[in-house]
Novice: 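Following this message is one structure expressed as structure tokens.
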Amino acid sequence: MKNIMRIIIYALVIITLLSPLASAFAPTQDSTAMGEHWAASSLRKAQNDGLVDGYEGYVLPDESISTIHALTILCKVFNATEKAQVPLSMVLEDEKDNDYLARAIHFGLISEPSQDMDSFRDSDSIEDIDNIRDLDSIQEIDTHIQFYAIDLYRPISRQDAFALIAKAFSLIETDPDYSALERFEDYHEISPENTKAIASLTVLDLLNGNDEKLCPQDEISLAAFLTVIYRIVGRFTPASNLYGNVSYSAVVNGSARLFGVDFNRTVWFDCNAADLVFNNVTAERIIIRSHNLKSLSITNSSHIKQLTLVNQNGDVRVIPNNSAVVDCLVIGAGNGKVSVQGIRNIEICGSSREVSISGNVKTLLVSGSDNKITISQGAQVDSIVLLDDAIGSRLIIDGNIGELLIKSQDSEVSGMGFAETIRYTQETMLDIFASNVIDATDYGLENAIVNVEIPDTLPVGEALLASASLVDAQPGIEYALVWYLDDVPMLEQAFMTDDALPAFSHLFEYSYGMDEIAEIKVEISYTTVQGEMQQISDSNSVILENYDTAYWLSIDAKSVLEKVTLGYLGDYTLEWALENDLSDYEKTVWVNAKGYKSNSEYLLWINLAYQRVNIFMRNDENIWELIRSCIVGTGAPGRGTPPGVWTTSYKQLHGWTTATYTVKPVVRFRGSIGYAFHSRLYYPNTTEIRDPSIGYPISLGCVRMYDEDIWFIYDNIPDGTTVVVH
């Protein structure tokens with residue numbers, strides 16, 4: 001979060017220094033030649049409907065669009081003209097873009113920053129940036145970050161664009177079918193704040209993936225953005241053009257007095273709709289996005305299956321009369337009081353709304369936060385559900401309700417009415433008469449304990465059997481269980497409370513050098529109906545008995561003895577030596593299989609084939625254990641280092657110096673004959689390398705070594721140590 005905030009501050013400075021992007025799309029494609037483009041129809045409609053501005057007849061359909069351009073198009077779709085004051089932290093330098101930003105804020109497409117965020121952005125203090133986590137409004141700040149000036153001119157992602165479209169067209173369902181997203185292989189890449197909106201569009205079949213992928217994090221082109229819009233709306237039309245059977249979806253401009261109109265598709269009334277009269281009108285879905293809805297009349301056998309109110313100002317009465325029917329009323333974002341009577345199903349998805357309900361209601365579903373909802377005296381509501389998102393709901397019941405389910409936090413229920421049954425899954429303030437008050441909280445694993453049972457020691461060759469027990473878990477619940485072996489998941493399975501937990505068995509593949517201890521862990525997880533992810537676990541360790549080292553070395557002795565041959569195998573380059581060698585295990589097997597002894601705790605093997613000195617040390621099991629391997633240069637052809645078994649004889653700190661070179665230190669082997677381990681050749685009595693050659697047969701018979709390797713032998717290997725040359 002801290003790094004994001006720094007980027008925002010720096011980007012705001014950069015944006016103020018750069019010339020603003022033009023509101024019109026840059027010219028690269030002639031609109032007259034657009035017929036071959038895959039989205040030609042949508043592009044032409046958008047130009048004709050005034051949603052995009054070309055530049056001298058040119059548009060750029062395949063270029064990514066920015067957030068401010070997406071907001072501009074959506075404001076044009078609904079003729080959003082009223083403006084909010086743009087906070088200083090959001091002001092754009094381009095006057096036209098800033099004008100549409102003000103419209104988008106008033107229209108509710110984006111939110112103004114919190115006071116804490118505004119004051120934060122005015123600060124130059126790094127301490128303020130570091131302390132951003134201390135703000136109470138951290139969640140709100142996270143929500144707003146994507147819409148600040150740092151992003152408004154950047155290309156908008158596909159998922160953010162889809163979420164804006166769903167919000168503008170009021171297509172976000174109160175409780176959508178999230179499983180619809182599984183049609184896209186990459187649905188898990190959708191951010192949590194966009195999931196509900198994109199699920200709603202997917203249910204309506206308005207989104208197409210590419211090879212079954214939605215690519216939510218990719219940038220969206222102008223053509224793709226407009227195509228989604230025109231999948232939703234067929235025409236833009238004044239209200240005067242509506243009559244008879246309307247078979248297309250439409251955005252309607254202005255107030256309307258409609259009589260005998262039959263809408264077969266969704267119809268939107270734009271921001272200019274102030275007075276609406278529906279007289280003998282039938283419709284699948286009507287969405288009103290008015291800036292200031294002054295009056296709404298639904299009369300004379302009208303039948304509207306779903307009516308949505310969004311973004312209106314002023315008090316509104318929704319009271320169908322004279323046999324008019326509204327099957328479902330959806331109250332979205334907006335201001336002012338909404339009075340409802342005679343509607344059987346009501347959904348409130350807007351926040352901070354004041355709603356008064358009269359008459360008989362079958363279902364009331366609330367997902368918006370901080371709403372004040374009054375059930376008037378004499379009203380009867382069969383079922384009310386406050387969903388998880390309905391945080392801070394205030395429900396005043398002066399009438400009667402059948403069942404109330406409260407899933408939201410910080411809710412209050414009061415009034416002089418009566419409730420038959422109240423169920424709550426979050427702590428709720430209740431001040432109302434009720435026959436039954438039921439704590440339906442899903443406690444899940446809150447007080448549960450899981451224990452792992454395994455043996456302390458596992459005899460070699462036997463299978464491990466681990467079991468687990470669960471205590472004090474909520475009954476009748478399905479949990480997920482995972483068994484881990486050394487933090488690697490090995491078994492995943494679901495089980496029901498009171499059933500035996502799935503056991504875990506494992507037969508280890510024993511090998512040389514295998515770990516002596518294995519950790520076994522069981523993890524049980526569960527997501528409550530409140531959305532809380534719970535997890536408990538327990539672990540235990542088992543000591544693994546293994547065969548002794550001699551057993552493992554004897555198994556592979558034959559094959560290793562056949563592999564190790566006498567004589568150089570390489571191409572006389574250091575590169576070959578670096579890339580070719582026996583494994584540490586093969587070296588250990590070979591030395592122990594040969595049965596070599598030594599008068600010290602060390603043994604050295606000069607391997608002529610791979611040009612290595614392998615240094616071994618005797619362990620507690622009387623086994624030679626490899627501790628160091630060094631690249632060397634042995635005797636050149638005709639002067640080879642003699643094969644055999646020798647011993648170190650004595651050491652010379654100052655080494656040998658001739659007229660042409662110095663080598664030091666020197667550790668002799670093979671008695672007093674001049675065979676020894678020593679450094680590479682230096683110029684006489686200097687530290688300047690005269691001949692760096694190493695990694696292949698190059699010497700007069702001695703073993704050339706890197707300085708750190710010869711000094712290790714000089715400092716650690718005592719006289720009388722066995723030296724095997726093979």
Side-chain angles (χ1 to χ4, degrees), residues 169-177 196 199-200 203-204 263 265-269 276 278 281-289 293 296-299 301-310 312 316-334 337-351 353-369 371-376 378-390 393 395-408 411 413 417 419-423:
F169 282 90
S170 302
L171 295 176
I172 303 176
E173 298 293 332
T174 302
D175 191 15
D177 179 8
K196 179 181 284 190
S200 299
V203 169
L204 295 172
F263 295 106
R265 304 283 297 278
T266 302
V267 59
W268 289 263
F269 286 86
L276 295 173
F278 301 128
V281 169
T282 61
E284 289 292 318
R285 189 174 190 181
I286 292 178
I287 299 173
I288 302 172
R289 295 239 51 178
L293 183 61
L296 174 63
S297 177
I298 307 170
T299 65
S301 300
S302 292
H303 186 184
I304 302 172
K305 292 185 178 180
Q306 181 170 307
L307 174 65
T308 302
L309 301 178
V310 185
Q312 81 283 354
V316 178
R317 292 166 57 86
V318 186
I319 305 176
N321 54 47
N322 294 339
S323 302
V325 175
V326 174
D327 292 338
C328 180
L329 172 66
V330 179
I331 302 174
K337 181 178 180 180
V338 179
S339 299
V340 184
Q341 182 176 332
I343 297 179
R344 296 288 287 165
N345 300 289
I346 303 171
E347 297 180 9
I348 304 175
C349 55
S351 296
R353 303 306 308 263
E354 182 176 357
V355 181
S356 176
I357 299 174
S358 302
N360 295 330
V361 177
K362 182 179 180 181
T363 61
L364 170 60
L365 189 64
V366 183
S367 63
S369 61
N371 291 299
K372 177 184 176 183
I373 305 166
T374 300
I375 309 300
S376 302
Q380 172 67 44
V381 182
D382 294 344
S383 171
I384 301 178
V385 179
L386 303 182
L387 294 172
D388 301 35
D389 297 336
S393 296
L395 185 60
I396 302 170
I397 302 174
D398 291 328
N400 297 315
I401 62 173
E403 183 172 5
L404 169 61
L405 174 59
I406 305 171
K407 297 182 177 181
S408 56
S411 298
V413 180
E420 182 66 34
T421 301
I422 298 178
R423 299 177 186 271

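When a residue number appears, it is its place in the shown sequence, counting from 1. None of these values were measured; they are calculated from a predicted model.
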Novice: Between the main-chain N or O of Glu173 and the side-chain N or O of Ser200, is there a donor-acceptor pair closer than 3.5 Å?
Specialist: yes
Novice: Can you find a pair of side-chain heavy atoms, one from Ile348 and one from Val338, that are under 4.5 Å apart?
Specialist: no
Novice: Quick check against the 3.5 Å criterion: does Ser339 have a side-chain atom that pairs as donor or acceptor with the backbone of Arg317?
Specialist: no
Novice: For side chain to side chain contact (heavy atoms under 4.5 Å, CB included), just list the numbers for Ile375 and Val361, CA-CA rounded to whole Å, side-chain angles, deciding distance to a tenth of an Å, and then say yes or no.
Specialist: CA-CA 10 Å; Ile375 309 300; Val361 177; over 6 Å; no
Novice: Test side chain to side chain contact (heavy atoms under 4.5 Å, CB included) on Val330 and Ile287 and set out the steps.
Specialist: CA-CA 9 Å; Val330 179; Ile287 299 173; over 6 Å; no
Novice: Do Ile373 and Ile384 pass the side chain to side chain contact (heavy atoms under 4.5 Å, CB included) test, and can you show the C-alpha distance, the side-chain angles, and the key distance before you say yes or no?
Specialist: CA-CA 11 Å; Ile373 305 166; Ile384 301 178; over 6 Å; no
Novice: Can any side-chain N or O of Trp268 pair as donor or acceptor with the backbone N or O of Arg289 at less than 3.5 Å?
Specialist: no
Novice: In this structure, is the centre-to-centre distance between the rings of Phe263 and Phe278 below 6.0 Å?
Specialist: no
Novice: Between CG of Leu296 and CZ of Phe269, what distance do you get to the nearest 0.5 Å?
Specialist: 10.0 Å
Novice: So which heavy atom on Ser369 is nearest to which on Asp389, and how close?
Specialist: CB-O, 3.7 Å
Novice: To the nearest 0.5 Å, how far apart are CG in Leu364 and CD1 in Ile357?
Specialist: 4.5 Å
Novice: With a 4.5 Å cut-off on side-chain heavy atoms, are Leu395 and Ile406 touching?
Specialist: no
Novice: If I take atom CG from residue Leu276 and atom CD1 from residue Ile288, how far apart are they, to the nearest 0.5 angstrom?
Specialist: 5.0 Å
Novice: Any heavy-atom pair between the side chains of Ser376 and Ser356 that's under 4.5 Å?
Specialist: yes
Novice: I'd like to know if the side chain of Asn371 and the backbone of Gly350 have a donor-acceptor N/O pair within less than 3.5 Å.
Specialist: yes
Novice: For residues Val325 and Pro320, determine if any side-chain heavy atom of one lies less than 4.5 Å from a side-chain heavy atom of the other.
Specialist: no
Novice: Mind checking the CG-CG spacing from Asp382 to Asn400? Nearest 0.5 Å is all I need.
Specialist: 11.0 Å
Novice: State which residues pass side-chain hydrogen bond (donor to acceptor under 3.5 Å, both in side chains) with Asp175; sequence neighbours excluded, sorted by chain then number.
Specialist: none
Novice: Looking at CG of Leu386 and OG of Ser393, how far apart are the two atoms once the value is rounded to the nearest 0.5 Å?
Specialist: 5.0 Å
Novice: Run Ile346 and Val355 through side chain to side chain contact (heavy atoms under 4.5 Å, CB included) and show every step you take.
Specialist: CA-CA 11 Å; Ile346 303 171; Val355 181; 5.5 Å; no
Novice: Taking Asp327 as the fixed residue, which of His303, Lys305, Arg344 is the one that meets the side-chain hydrogen bond (donor to acceptor under 3.5 Å, both in side chains) rule?
Specialist: His303
Novice: Which one of Thr363, Thr174, Thr308 satisfies the side-chain hydrogen bond (donor to acceptor under 3.5 Å, both in side chains) criterion with Glu347?
Specialist: Thr174
Novice: When rounded to the nearest 0.5 angstrom, what is the spacing between OG in Ser367 and NZ in Lys196?
Specialist: 5.0 Å
